[in-house]
Peer 1: 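Structure incoming, see below.
On a predicted model such as this, the values are computed, not experimentally measured, just so you know. Sequence positions, counted from 1, serve as the residue numbers for this chain.
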Amino acid sequence: KTDPADARAIAVFCRDRRPRPWVPPAPEVRQLQALVRRRDDLRAMAAAEKNRLASPALTPAARKSVARVVRLLSREADRVQAEADELVAAEPRLAADRELLESVKGVGRQTATTILAELPPVDQLPSAESAAAYCGLAPSEFTSGKSVKRHTRLSKAGNARLRTALYLP
């Protein structure tokens, strides 16, 4: 922060609470994160191209081009996912964690890989509540002001990629 008052407040917080220092992810986790994010970007591009197919203004030649691009993006996303799978299989800790995650009902290979890439190691999260907050899945209550009767909702203050990956499971 550049504001002296904010900087002072942060310094006082750190002095009083002594939060754990941030630890960067391991190199293999950073590599996995890059692969997972690329896979997700490719799938988003493929979805955008698929939406173009619904356009009535598309000529047959343009429709054929869009279909080719969709196939290319889908194949590349699958290739990147396979590369991520190989990376996880080569790291015993990641492989064991993914196996444990996949044992949870509703969590498949893609979701487990995303969680491994985006969530910090369990030993860096002090509780399940802090993990939920990191994912942006912690409930946010409205208890002050004029609108105290509003419904509790998800805070959405955490990692949007994790929240997206965990939406259906």
Side-chain angles (χ1 to χ4, degrees), residues 1-2 21-125 128-140 150-169:
K1 299 290 250 174
T2 56
W22 176 75
V23 177
E28 64 274 5
V29 174
R30 284 198 316 268
Q31 187 177 0
L32 181 63
Q33 190 177 67
L35 289 169
V36 166
R37 288 178 179 188
R38 179 63 183 156
R39 177 207 62 204
D40 291 346
D41 290 344
L42 289 165
R43 294 223 167 111
M45 287 188 275
E49 287 296 305
K50 283 179 188 174
N51 289 337
R52 283 188 179 84
L53 289 171
S55 172
L58 225 55
T59 64
R63 184 174 304 282
K64 192 182 274 188
S65 171
V66 170
R68 274 195 313 269
V69 170
V70 168
R71 283 193 305 275
L72 171 73
L73 291 169
S74 296
R75 278 196 310 268
E76 183 62 14
D78 291 344
R79 191 193 67 71
V80 170
Q81 177 64 47
E83 198 173 329
D85 289 341
E86 288 173 14
L87 176 66
V88 170
E91 294 292 328
R93 183 187 61 81
L94 290 175
D97 287 348
R98 183 169 67 185
E99 187 177 331
L100 183 61
L101 285 166
E102 288 178 349
S103 71
V104 175
K105 187 175 181 175
V107 175
R109 169 93 11 129
Q110 184 173 318
T111 302
T113 306
T114 302
I115 292 169
L116 287 174
E118 297 292 340
L119 192 65
V122 175
D123 60 348
Q124 291 182 16
L125 296 169
E129 290 82 6
S130 65
Y134 186 88
C135 296
L137 298 173
S140 177
R150 291 174 61 189
H151 294 288
T152 299
R153 61 176 187 81
L154 294 180
S155 69
K156 297 185 182 177
N159 186 316
R161 287 180 174 89
L162 275 169
R163 205 169 35 260
T164 300
L166 294 170
Y167 177 71
L168 288 176

Peer 1: Is there a donor-acceptor pair under 3.5 Å between the side chain of Gln33 and the backbone N or O of Ala117?
Peer 2: yes
Peer 1: Locate the shortest heavy-atom distance separating Ala112 from Arg98; write the atom from each residue and the value.
Peer 2: CB-CG, 3.7 Å
Peer 1: Only one of Val104, Leu101, Thr111, Ile115 forms a side-chain contact (heavy atoms from CB on, under 4.5 Å) with Pro169, so which one is it?
Peer 2: Thr111
Peer 1: Should Arg163 and Cys135 count as side-chain neighbours, where that means a heavy-atom distance under 4.5 Å?
Peer 2: no
Peer 1: If you apply the rule side-chain contact (heavy atoms from CB on, under 4.5 Å), what do you find for Arg43 with Gln110, and how did you get there?
Peer 2: CA-CA 12 Å; Arg43 294 223 167 111; Gln110 184 173 318; 2.7 Å; yes
Peer 1: If you look at every heavy atom in Ala90 and Pro92, which pair is closest and at what distance?
Peer 2: O-CD, 3.5 Å
Peer 1: Give a yes or no on whether the backbone of Arg37 and the side-chain of Arg161 come within a donor-acceptor separation of less than 3.5 Å.
Peer 2: no
Peer 1: Name all residues meeting the salt bridge (charged side-chain N to carboxylate O under 4.0 Å, His left out) criterion together with Glu76; count only those two or more places apart in sequence or in a different chain, and write none if there are none.
Peer 2: Arg79
Peer 1: Taking all heavy atoms of Leu58 and all of Leu53, pick out the closest pair and write down the distance.
Peer 2: CD2-CA, 4.0 Å
Peer 1: Quick check for you: to the nearest 0.5 Å, what is the distance between Glu118 atom CD and Leu166 atom CG?
Peer 2: 10.5 Å
Peer 1: Which pair of non-hydrogen atoms, one from Ala138 and one from Ala133, has the smallest distance, and what is that distance?
Peer 2: CB-CA, 3.9 Å
Peer 1: Is a side-chain donor-acceptor pair under 3.5 Å present for Thr113 with Arg39?
Peer 2: no
Peer 1: Go through the structure and list residues passing salt bridge (charged side-chain N to carboxylate O under 4.0 Å, His left out) with Glu49, not counting sequence neighbours.
Peer 2: Arg52
Peer 1: Any idea which heavy atoms bring Ala165 and Thr114 closest together, and the distance?
Peer 2: CB-CG2, 3.6 Å
Peer 1: Search all heavy atoms of Ala131 against all heavy atoms of Leu125 and return the closest pair with its distance.
Peer 2: CB-CD1, 3.8 Å
Peer 1: With a 6.0 Å cut-off (strictly less than), is the heavy-atom count around CD of Glu99, excluding the residue itself, greater than 12?
Peer 2: no
Peer 1: Which residue in the set Leu119, Leu94, Leu87 passes side-chain contact (heavy atoms from CB on, under 4.5 Å) when paired with Val29?
Peer 2: Leu94
Peer 1: Pick from Asp78, Leu35, Val88: which one makes a side-chain contact (heavy atoms from CB on, under 4.5 Å) with Glu83?
Peer 2: Leu35
